[in-house]
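Scroll down for the structure; my scribbles are underneath it.
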Amino acid sequence: MLDISYIRQNPDEVLAMLHNRQLASEIQKVNELLALDNKRKELVKKSDDLKSLRNQRSKEIAERKKRGDKSFGLELEEIRKIADVEGMELAKVDTDLGQFEEEMENILLALPNKLHASVPTGRSAADNQIYGEPVAFVHDLDFPVKNHLELGKSLSILDFERGAKVSGAGFPAYIGKGARLERALINFMLDMHTERHGYTEVFPPFLVNRESLRGTGQWPKFADQVYHIGEDDLYAIPTAEVPVTNLHRGEMLDTATLPISYAAYSACFRREAGSYGKDTRGFLRVHQFNKVEMVKFTRPEESYAALEEIRSHAEAILVALKIPYRVLLLCSGDISANATKCYDIEVWSPAEQKYLEASSCSNFEDYQARRSNIRFKPDGKSKPEFVHTLNGSGLATSRLMVSLLEHYQTPEGHIKVPELLQRYTGFEEI
RNA sequence: GGAGAGGUGGCCGAGCGGCUGAAGGCAACGGUUUGCUAAACCGUCAUAGUUCUUAUAGGGCUAUCGAGGGUUCGAAUCCCUCCCUCUCCGCCA
């Protein structure tokens with residue numbers, strides 16, 4: 001969430017940001033917010049004045065009582081009457097004030113983040129910039145390639161039909177060597193991030209409360225994408241970003257511990273409401289998938305360097321597995337509302353003949369930290385400041401698995417396990 | 001699920017109707033002392049909203065002792081509801 005005083009002082013910047021994000025329809029909201037802010041100030045003054053009167057009165061009574069003032073017993077009746085009237089007025093002012101504040105909060109929570117200067121302006125995904133050079137690794141696929149669905153079925157390692165029977169479409173089951181390969185990927189990625197990239201491993205809760213969802217920005221805007229367990233009012237995490245970032249919700253972080261880097265495996269659950277018909281086959285779009293997520297908490301001045309680090313850590317996995325990929329710098333019209341800057345990493349699918357998103361690395365600056373009140377003191381004396389939070393997938397296994405199966409298939413329809421994964425799978429071929 | 005205990009500042013911990021934004025300690029910061037380090041001593045040390053001024057600083061007012069409501073002229077303190085933590089019992093992967 002943006003700082004209200006920033007919006008007050010730089011309304012033009014906020015409007016320009018909304019324009020760049022192709023959210024011109026939100027502009028009215030900002031005007032509404034500023035109007036509410038002015039009304040709120042009036043009411044705050046009224047409320048504070050009434051409270052001040054009340055406090056003065058109480059103080060006087062306390063003093064006179066202490067002195068043993070006898071005449072004041074009579075006066076007390078008068079005071080009670082006055083206090084009663086003022087109390088009612090105060091109650092009304094506070095009720096109104098509460099309403100204004102709630103409306104403001106709702107607008108603020110729904111307002112997207114700033115954009116970093118390096119984010120290209122654009123209308124849609126078509127305007128995303130390719131960042132650097134696409135990275136190609138040679139795989140001899142000089143035969144008719146099978147797609148991941150065909151491979152998964154013929155080798156009996158992926159079972160979408162039975163998964164659908166158990167839960168519904170989009171809940172794949174991994175069987176035999178497929179299950180082992182999935183687990184190998186997860187372990188390999190976690191080991192790489194913890195042993196080589198310096199992350200602390202976290203195994204987070206998969207169900208979270210609403211405050212956590214709000215803290216990272218999935219609530220209220222993307223609430224319809226999240227599975228909700230009504231009976232206990234808990235939400236299935238759409239990404240480990242939610243529980244891991246919220247680990248420090250409401251905390252004053254010890255400055256010496258910054259930057260904090262966590263790597264977490266989690267299953268991820270997404271309703272994908274409204275996305276039927278687009279890339280729905282097999283792993284291209286699922287309701288449950290596995291992902292290793294990197295999360296960082298940094299000092300504000302270090303966050304953009306940290307973003308490059310996260311991106312390079314995600315790339316390192318693909319380089320190690322020799323999977324062709326490219327990096328996109330998302331444009332203003334395509335970047336998610338919470339992020340100020342975001343790289344997507346896409347893996348190549350030889351069967352689909354296109355790139356598939358496997359990672360998203362984002363800086364949120366203080367947008368999440370303000371929502372979740374995660375602060376630090378730059379040095380011993382100074383005032384608390386919000387940290388910057390970042391995260392990146394490193395990586396999601398579903399699209400990675402598509403690309404891996406397809407690239408490592410043999411003319412006979414088997415799968416060669418990438419060398420670095422073999423010590424995790426315990427076998428060399430499927 | 002049942003019974004009990006408890007939730008106070010960056011941390012620990014006192015307070016149990018008005019003099020408490022909150023004792024004391026730790027940590028932190030500034031200083032004195034010191035050959036250096038350590039120790040000792042002195043001082044400073046919450047956050048947010050709002051407003052004023054001789055306005056890169058200072059002052060006033062308001063709020064905040066898990067959350068929300070209530071009682072009261074006045075609540076960290078009394079009452080109610082909820083949430084969370086801990087201990088014991090039951091159930092259970």
Side-chain angles (χ1 to χ4, degrees), chain A residues 1-9 33-105 108 203 205-215 229-235 243 246-258 260 267 297 299 366 369-387:
Chain A
M1 132 175 108
L2 296 176
D3 186 357
I4 179 71
S5 67
Y6 162 77
I7 300 173
R8 242 185 335 239
Q9 284 159 27
L33 181 71
L34 293 171
L36 281 167
D37 187 43
N38 283 328
K39 288 188 200 158
R40 182 186 130 272
K41 275 188 197 170
E42 281 174 37
L43 288 181
V44 163
K45 175 133 179 49
K46 265 192 205 168
S47 174
D48 282 0
D49 285 350
L50 284 167
K51 283 173 188 159
S52 179
L53 272 177
R54 184 183 67 187
N55 289 345
Q56 271 174 37
R57 193 162 42 231
S58 299
K59 207 175 270 178
E60 205 181 310
I61 291 174
E63 273 164 23
R64 291 173 70 168
K65 228 175 183 173
K66 198 166 70 179
R67 272 192 258 121
D69 193 337
K70 293 193 176 157
S71 64
F72 117 110
L74 286 165
E75 235 177 289
L76 204 56
E77 284 306 312
E78 286 299 307
I79 289 171
R80 284 194 180 119
K81 277 182 200 159
I82 296 168
D84 203 40
V85 172
E86 284 179 5
M88 287 187 354
E89 199 184 338
L90 178 61
K92 192 186 176 310
V93 171
D94 277 349
T95 305
D96 292 347
L97 185 58
Q99 270 170 20
F100 281 122
E101 283 176 342
E102 201 185 317
E103 280 179 56
M104 288 179 66
E105 169 110 338
L108 272 174
F203 204 124
F206 290 4
L207 297 180
V208 297
N209 57 32
R210 190 176 302 170
E211 284 67 45
S212 294
L213 226 45
R214 202 181 61 163
I229 292 148
E231 192 160 5
D232 298 293
D233 201 19
L234 289 169
Y235 299 81
N246 276 281
L247 242 30
H248 293 298
R249 173 152 50 86
E251 291 186 14
M252 182 75 71
L253 298 178
D254 182 352
T255 305
T257 64
L258 295 176
I260 297 172
F297 302 80
R299 292 165 164 267
D366 63 4
R370 179 171 286 108
R371 283 171 171 255
S372 15
N373 195 27
I374 305 171
R375 298 173 299 166
F376 76 109
K377 291 186 180 176
D379 57 79
K381 282 182 90 170
S382 54
K383 287 193 156 198
E385 278 181 44
F386 292 112
V387 297

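Letters A, B, ... are given to chains in the order of the sequence lines, protein chains preceding strands, and every chain is numbered from 1. All heavy atoms count here, side chains included; hydrogens, waters and symmetry mates do not.
More than 12 heavy atoms of other residues, nucleotides or ligands lie within 6.0 Å of CD in A:Glu211, so this atom counts as buried by the packing criterion.
Between B:A28 and B:G10, the two C1' atoms lie 9 Å apart (nearest whole Å).
The closest donor-acceptor contact from the side chain of A:Thr255 to the backbone of A:Lys377 lies under 3.5 Å.
Residue A:Lys59 has no polar side-chain atom (N or O) positioned under 4.0 Å from OP1 or OP2 of B:C73. Between A:Arg64 and B:C73 there is no side-chain polar atom (N or O) within less than 4.0 angstrom of OP1 or OP2. Applying the 4.0 Å criterion to OP1 and OP2 of B:U62, one finds that A:Asn55 has a side-chain N or O inside that range. Put simply, A:Ser58 has no side-chain N or O that comes within less than 4.0 Å of OP1 or OP2 on B:G18. The side chain of A:Arg54 contributes an N or O atom lying less than 4.0 Å from OP1 or OP2 of B:A63.
Of the residues near RNA chain B, A:Met252 and A:Asp84, the one whose nearest nucleotide (by heavy atom distance) lies more toward the 5' end is A:Met252. Heavy-atom nearest nucleotides on RNA chain B were determined for A:Arg57 and for A:Ser5, and the one closer to the 5' end corresponds to A:Ser5.
With B:G10, B:C73, B:U50 as the choices, the nucleotide that has an atom nearest any side-chain atom of A:Arg40 turns out to be B:U50. Here B:U50 is the nucleotide among B:G18, B:U72, B:U50 with the atom lying nearest to any side-chain atom of A:Lys41.
Using a 4.0 Å heavy-atom criterion, one finds that A:Arg249 contacts no nucleic acid atom at all.
Between the side chain of A:Asp48 and the base of B:G49, at least one donor-acceptor pair of N or O atoms lies under 3.5 Å.
Side-chain contact of A:Ser52 with A:Asn55: a donor-acceptor pair under 3.5 Å is absent, judged by distance alone.
A 4.5 Å side-chain heavy-atom check between A:Val387 and A:His248 finds every atom pair outside the cut-off.
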Verify salt bridge (charged side-chain N to carboxylate O under 4.0 Å, His left out) between A:Lys39 and A:Glu103, making sure each step is shown before the conclusion.
CA-CA 12 Å; A:Lys39 288 188 200 158; A:Glu103 280 179 56; over 6 Å; no

If a pair means Watson-Crick or G-U wobble with both distances below 3.5 Å, what does RNA chain B look like in dot-bracket form, with | marking bases paired to a different strand?
((((((((.[[[..)..(.....]]].(((((.......))))).((((((((...)))))))).[[[[[..)....]]]]])))))))....

